[in-house]
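One structure is given below, encoded as structure tokens.
Below, chains carry the letters A, B, ... as their sequence lines are ordered, and counting in each starts from 1.
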Amino acid sequence: MNLLIGGLVTGIAFGFLLQKGRVLRYDKQLAALRLQDMTIVKFMFSSVLVGMVGIHLLNDMGLIAMSLKTTLVGANIVGGLIFGVGWGLVGYCPGTSLGAVGEGRIDALWGIAGMLFGAAVYAEVYPQLQANLLGWGNYGKITLPELLGINHWLIVAVVVVLAVLMFRWFEKKGL
Amino acid sequence: MKQAKDPGSWNPYLAGALTGLVAVASVLFTGKYFGASTSFVRSAGMLERLFVPERVAANSYFSKYLQPGVSGFDWQWMFVVGILLGALLAAATSGSFRLQAIPDMWQRRFGGRSGPRRALTAFAGGSILMFGARMADGCPSGHGLSGVMQLAVSGLLALVCFFIGGVLVARLLYGKGGQQ
């Protein structure tokens with residue numbers, strides 16, 4: 001029960017910030033995909049930078065556990081590209097679609113109905129996929145520092161520098 | 001941190017950084033990482049089992065997330081519902097709630113009478129997106145935020161592919177460049 005309330009409260013905080021950052025709307029999502037307005041990329045990478053430092057710090061202190069998704073090169077790439085195609089059409093992500101409804105975007109309801117349908121279709125074809133594509137390129141639950149054999153703080157530092165350079169470039173170009 | 005153009009909005013860097021803090025606090029206090037697309041599998045399964053419970057129980061994918069007779073509502077499901085409530089709260093308190101069936105950008109490109117086409121495209125796009133998300137084992141929340149934060153190879157690969165697919169389709173729909 002506490003876990004459910006925790007989920008609700010965390011979701012409310014996330015939805016509040018997504019709306020305040022103006023990343024929920026179709027126009028912002030498509031403007032990023034059209035490389036015209038990088039608001040959602042700024043939001044996403046700011047949260048990634050803060051989260052990345054926090055997670056690695058707490059993990060080094062032994063206060064939290066990592067929760068990695070298995071790297072399946074074939075499924076990550078093919079599934080990721082299919083996701084992108086659908087994303088360009090609907091203009092919402094699974095999480096932001098609910099938030100978009102919260103700020104009155106009715107077209108997101110059609111997107112959510114489609115997402116439920118897509119999940120049901122995936123469940124039908126999963127047994128066939130599991131025997132083929134899903135097994136290809138399984139590297140297990142691996143991080144980039146582990147793959148490269150480099151200390152994670154070095155990678156964290158590189159990611160921070162690259163992101164800050166990207167942010168500066170966005171601001172210079174007015175994106 | 002208000003921005004002149006859009007009253008009530010916050011700087012996206014600030015809102016994003018605060019989201020990062022919320023994500024870290026969530027992991028620290030409840031051990032839960034952000035994610036959203038699994039809840040759509042649970043919801044689809046719960047809806048489908050109202051009509052064909054045997055079929056859902058026999059399906060190897062639904063069975064990973066739903067046990068017969070057990071509710072599928074979990075931390076993440078409540079988190080996703082919370083996103084709606086949080087966005088509603090922020091929109092209502094800043095006067096930016098707006099009922100809208102056709103997004104502005106879409107309307108400028110496809111006209112004010114393109115509502116049915118928008119609905120169909122949103123449904124088709126949603127279906128394709130979720131199929132891809134489940135194949136990739138995550139969406140921009142699970143892979144993009146939680147995965148990349150942990151520097152997971154799966155998250156980095158998926159995030160790059162999300163954008164490649166999205167940029168290609170946006171180019172096809174709206175052409176190169178053009179007005180916003």
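For the set A:Gln29, A:Met38, A:Glu124, the entry with the most heavy-atom pairs within less than 4.5 Å of chain B is A:Glu124. Between chain A and the residues B:Val153, B:Val24, B:Val167, B:Val169, the largest count of heavy-atom pairs under 4.5 Å involves B:Val153. Interface check for chain A: of the options B:Phe163, B:Trp77, B:Phe62, the most heavy-atom pairs under 4.5 Å are formed by B:Phe163. The choice from A:Tyr122, A:Phe167, A:Tyr26, A:Phe16 that makes the most heavy-atom pairs within less than 4.5 Å of chain B is A:Tyr122. Across B:Arg55, B:Lys32, B:Glu48, the residue that shares the most heavy-atom pairs under 4.5 angstrom with chain A is B:Arg55. Interface check for chain B: of the options A:Cys93, A:Gly118, A:Gly104, the most heavy-atom pairs under 4.5 Å are formed by A:Gly104. Between chain A and the options B:Ala36, B:Gly155, B:Ala90, the largest number of non-hydrogen pairs under 4.5 Å is found for B:Ala90. Your options are B:Ala133, B:Ala25, B:Gly147, and the one with the most heavy-atom pairs under 4.5 Å with chain A is B:Ala133. Ranking B:Ala17, B:Ala158, B:Ala170 against chain A, the residue ahead of the rest is B:Ala17, based on heavy-atom pairs under 4.5 Å. In terms of non-hydrogen atom pairs under 4.5 Å with chain B, the most contact-rich of A:Lys20, A:Lys42, A:Met44 is A:Lys20. The candidate from A:Gly79, A:Gly114, A:Gly84, A:Gly86 with the greatest count of non-hydrogen atom pairs under 4.5 Å with chain B is A:Gly114. Options A:Phe45, A:Phe43, A:Trp87 differ in how many heavy-atom pairs under 4.5 Å they form with chain B, and the most are formed by A:Phe43.
Checking side-chain atoms of A:Asp107 against main-chain N and O of B:Ile102 turns up no donor-acceptor pair under 3.5 Å. Proximity of a side-chain donor or acceptor of B:Ser154 to a complementary backbone N or O of A:Lys69 within less than 3.5 Å is detected. With hydrogens and angles disregarded, a donor-acceptor distance shorter than 3.5 Å links the side chain of A:Asp27 to the backbone of B:Met105. A:Arg22 places no side-chain N or O within 3.5 Å of a backbone atom of B:Asn11 that could act as its donor or acceptor partner. A donor-acceptor contact shorter than 3.5 Å is absent between the side chain of A:Ser47 and the backbone of B:Gly20.
Contact of A:Leu24 with chain B is made through the side chain alone, with heavy-atom distances under 4.5 Å. Interface remark: A:Leu18 contributes side-chain atoms only to the contact with chain B (heavy atom separation under 4.5 Å). Looking at A:Leu35, the atoms closer than 4.5 Å to chain B (heavy atoms on both sides) all sit in the side chain, from C-beta outward. In this structure, the portion of A:Leu129 lying under 4.5 Å from any heavy atom of chain B is its side chain and not its backbone. For A:Ala113, the parts lying under 4.5 angstrom from a heavy atom of chain B are both the backbone and the side chain. Residue A:Leu58 touches chain B through its side chain alone, counting heavy-atom pairs closer than 4.5 Å. A:Val85 touches chain B through backbone and side chain together, each having a heavy atom under 4.5 Å away. Proximity to chain A (any heavy atom under 4.5 Å) is shown, for B:Leu168, by neither the backbone nor the side chain. If you measure heavy-atom distances from A:Ile64 to chain B, the contacts under 4.5 Å come from the side chain alone. Heavy-atom distances place no part of A:Leu109 under 4.5 Å from chain B, backbone and side chain included. Heavy-atom distances place the backbone of A:Thr70, and not its side chain, under 4.5 Å from chain B. The contact between B:Ser141 and chain A is made entirely by side chain atoms (from C-beta outward), counting heavy-atom distances below 4.5 Å. In this structure, chain B has no heavy atom under 4.5 Å from any part of A:Val9. If you measure heavy-atom distances from A:Val78 to chain B, the contacts under 4.5 Å come from both the backbone and the side chain.
In the displayed structure, A:Trp110 atom CH2 is contacted under 6.0 Å by at most 12 heavy atoms of other residues, nucleotides or ligands. The local environment of OH in A:Tyr139 is sparse, with at most 12 non-hydrogen atoms from other residues, nucleotides or ligands closer than 6.0 Å.
Criterion: ILVMFWY side-chain heavy atoms under 4.5 Å apart, direct or through other members. Under it, B:Ile128 and B:Trp106 are part of a common hydrophobic cluster.
Taking CD1 from B:Ile83 and OG1 from A:Thr10, the interatomic distance works out to 10.0 Å, rounded to the nearest 0.5 Å. For the atom pair A:Asn76 CG and B:Leu159 CG, the distance stands at 11.5 Å (nearest 0.5 Å). Interatomic distance, A:Leu147 CG to B:Leu151 CG, rounded to the nearest 0.5 Å: 11.5 Å. Within the model, atoms CZ of A:Phe117 and CE of B:Met130 stand 13.0 Å from one another, a figure rounded to the nearest 0.5 Å. In this structure, CG on B:Leu157 lies 9.5 Å from CG on A:Leu144, to the nearest 0.5 angstrom. Here A:Ile12 contributes atom CD1 and B:Phe79 contributes atom CZ; the two are 11.0 Å apart, rounded to the nearest 0.5 Å.
Of the residues A:Arg25, A:Glu103, A:Arg105, the one that meets the side-chain contact (heavy atoms from CB on, under 4.5 Å) test with B:Arg98 is A:Arg105.
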**Steps toward side chain to side chain contact (heavy atoms under 4.5 Å, CB included) verdict (B:Ser127, A:Met115)** = CA-CA 5 Å; B:Ser127 308; A:Met115 290 176 202; over 6 Å; no
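Looking at B:Gln150 and A:Ser67, their side chains never bring a donor and an acceptor atom within 3.5 Å of each other.
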